[in-house]
Amino acid sequence: MAPVESRRERWRAHGRRRVLWSALAALVVALLVTLVWLAGRYEASQVQSRLERDAADAVGDIRSRLTRNLQSLQALQFGDPKPVAWTGEATALLRERRELLRIEWRDSQFGILAQAGTPYRPPVFERLGRDSVQSEVTQVCNAARRISGPAYSTSYFVPLTDGLGIEVMEMCLPLASAGVVMGYLVATYSLQDLLDDLARQLTRSQEVAFTEGDGTRLAMRGTARRTSRVFSAQHLLDLPGTTLVLRMDSWRGAPDLFPNVLTALVTAMSIALVSILLLLGKDMRRRLKAESDLADALAFRKAMEDSLVTGLRARDLEGRITYVNPAFCQMVGFSAEELMGQSANAPYWPPELADEYKKRQDIRLAGNVPPREGFESVFMHKDGTRFPVLIIEAPLINAHGVQTGWMSAFLDIREQRRIEELSRASQDRLQATARLAMVGEMASLLSHELNQPLAAIASYATGTRNLLQQGAHTLADVDLAMHRIAEQAERAGKVIKSVHDFVRRRDQAREVVAPQALFDAILPLVNLQARKLGVQVQLRLDPGLPQVLCDRTMVEQVLLNLARNGMQAMDRPEIRRRVLQLGVQRVTADPRWIEFSVTDVGPGIAPEVAQQLFTPFFTTKAEGMGLGLSLCRTVIEQHGGTLAFGPNAPQGTVFTFTLPAGQSQAQLP
Ligand code: ADP
């Protein structure tokens, strides 16, 4: 149930985060679009106002040009010129001022006194005829006379001979002398050429034109390129008699994404912002993934800890418990809450051992490193039962390499102990069985050995009875006979006792024993067999040997087994001198060990036999059990020693084994 809920919770959080992120992204995009738009608008207004300024300047320029022309035209009349001279002057002026197409000197009745045309064009009124515009001229001159100053006509179109045409405008200047109008100067302006002068100041993306009220262009100058983004400014050129509209257009190159530095800057910053947002989002995703990985790892760790049968406990440097796993709680019967924060006198310490444990803990907290293989201890369950544990401790190191406490692992070794006990018991049983088997094997020897004293006893008894029946002998003879009987009975008793001792004695504990004592215990039994097989037993003990620390019964059994094997090996007709040597000496390389040896002069051990010598139930004898050597080796190894064998020179086999030295005899009181 819990994991499903937590997953649902996680999904809900995920959804919420997604909505927040989308809102943030939308806001940022809206903000950026607004910024770019504002920047664009600002830039457009800049362009527009520059254009307005340019248009105003252009109007000013035209006005001053017209004024200058007016002055030049007035200058033509200075000194009352003759028509011929006037024409020359006027032609010169026309050459100088391109926008002037024609200058006429008319009398007060509008008759032409003199005239001059621009040298730059073919005669303008050739096709139309000058008379056709007479009414315009009259009109403008009347207006000029009324205002006593120059007047301009509305513009009109003049078709040319080449099929095209131009827009022109008349200017009339009344020539007055003492308040009386003597005549007029009529100048015809080409609107197109009036713009030429301005055109030089224009940029490539500007166009200037005179337009009518509805926007129709009358004359224009500039690049005729058109794009979507056009800015235009209109200014009125007020002239006496007419008003011209000057329109200036300007356009930006397409595509007009970044109209100026500001917009570009804002756009670049926006892109940077969006990139940062994206990166942040990516980083966030990575974090979330790491978070979920961590959660998974934690869940995995928890599952692992919960499944452990090993108890785990962490302590800080003050000895307070900072962590316990479920296995530990189960082991000691206390809950994690009961254990957390406990330091001295933990509730699972048996009260009788608490002092000792406290000391141990102090040593540990003082920085003493515990043995890596662990140590054994006894804990107490909440219900009071004591149980053995194996504790393995290691320092707890944090991410910065600083020790923050100790981590301990606990193994409940109750079961292990039980199994060890079982195995020891079965080993003991096996040993006992082997001993009995050995004695069983010796039964014939025993009967033979017992037969002798029994036969002797029987014959002494018979002899005594005869003596008593005859009645002729003294009591001293009877006494001697009884003494012999007693001797033989004692001898038989000894034999029985040695067997009994060997079979029954079972002292578990290790003890220090003199090597001689070990031999003394087995020699009666060894001799039994030796006598039967005609073997001479030799005993060689180094003087001043230390005692050995061993399980006496077991080692005696080993010695007896090796001696018996050696004698049996020599039981062959071809072997005449049968000698069994039993020896003890110190190990020269390491005086802490004592080496026992059993040497025979038998046929030796064939390699194929040697391979299986210690395999249980391996035997080459008809009545053998094959357990002897495998048990011998187990016994010696339990003592920490080794059992080995090798050939004896010139023939036979040597079995050796080592046992730890106890106190030296010389040191004994
Ligand atoms: P068992 O004596 O019951 O056969 P052991 O484990 O004592 O069992 O011996 C196993 C075998 O090792 C013997 O059957 C014998 O063949 C061989 N063996 C042991 N000691 C000697 C020895 N001193 N010389 C030759 N062979 C030996």
- Message: Rounded at 0.5 Å granularity, tell me how far CG in Leu73 sits from CG in Leu66.
- Response: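 The CG atom of Leu66 is 10.0 Å from CG of Leu73, to the nearest 0.5 Å.
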- Here the gap from Leu246 atom CG to Leu218 atom CG, rounded to the nearest 0.5 Å, amounts to 11.0 Å
Is the closest basic N to carboxylate O distance between [X] and [Y] below 4.0 Å?
X      : Y      : answer
Arg12  : Glu9   : yes
Lys289 : Asp293 : yes
Arg106 : Glu104 : yes
Glu393 : Arg313 : yes
Asp249 : Arg247 : yes
Asp362 : Lys359 : no
Arg287 : Glu291 : no

Which residue pairs pass the salt bridge (charged side-chain N to carboxylate O under 4.0 Å, His left out) test with at least one member in [range], sequence neighbours excluded?
range            : value
residues 318-334 : Asp316-Arg320, Glu318-Arg320
residues 180-195 : Arg121-Asp193
residues 398-412 : Asp412-Arg414

Under the side chain to side chain donor-acceptor pair (under 3.5 Å) test, residues paired with [X] that sit two or more places apart:
X      : value
Gln115 : Arg102
Glu338 : Ser335, Lys382
Tyr152 : none
Asp57  : none

- Determine whether more than 12 heavy atoms belonging to other residues, nucleotides or ligands lie under 6.0 Å from atom CE of Met182.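 No, not enclosed.
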- Neighbour count >12 (heavy atoms, 6.0 Å) for atom CD, Gln330: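 No, the 6.0 Å shell around CD holds no more than 12 heavy atoms from other groups.
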- Item | Note, Asn69 side chain near Met171 side chain (heavy atom, < 4.5 Å) |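 Result no, sub-4.5 Å side-chain heavy-atom pair not found.
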- If you look only at pairs with a residue in residues 158-187, which of them pass as a ring-ring contact (aromatic ring centres under 6.0 Å, His included), with sequence neighbours excluded?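 Pairs touching residues 158-187 that pass the test: Phe110-Tyr184.
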- Message: Show every ring-ring contact (aromatic ring centres under 6.0 Å, His included) that has at least one partner inside residues 293-312, sequence neighbours left out.
- Response: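 Sorted result for residues 293-312: empty, none.
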Per the side-chain hydrogen bond (donor to acceptor under 3.5 Å, both in side chains) rule, what does the pair list look like for [range], sequence neighbours excluded?
range            : value
residues 79-93   : Gln77-Trp86
residues 17-26   : none
residues 160-182 : Arg130-Glu170, Ser155-Glu167, Tyr156-Glu170, Glu170-Thr188

- Do you see a donor-acceptor pair shorter than 3.5 Å between the side chains of Thr211 and Arg217?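 Judged by distance alone, the side chains do not pair up.
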- Item | Residue pair Ser250 / Arg50, side-chain donor-acceptor N/O under 3.5 Å |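 Side chains of Ser250 and Arg50: no pair found under 3.5 Å.
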- Query: Hey, what's the ring geometry for Phe328 with Tyr348, parallel, tilted or perpendicular (30° and 60° as the breaks)?
  - Reply: perpendicular
- Test item: Thr242 side-chain N/O and Leu239 main-chain N/O as donor-acceptor pair under 3.5 Å: no
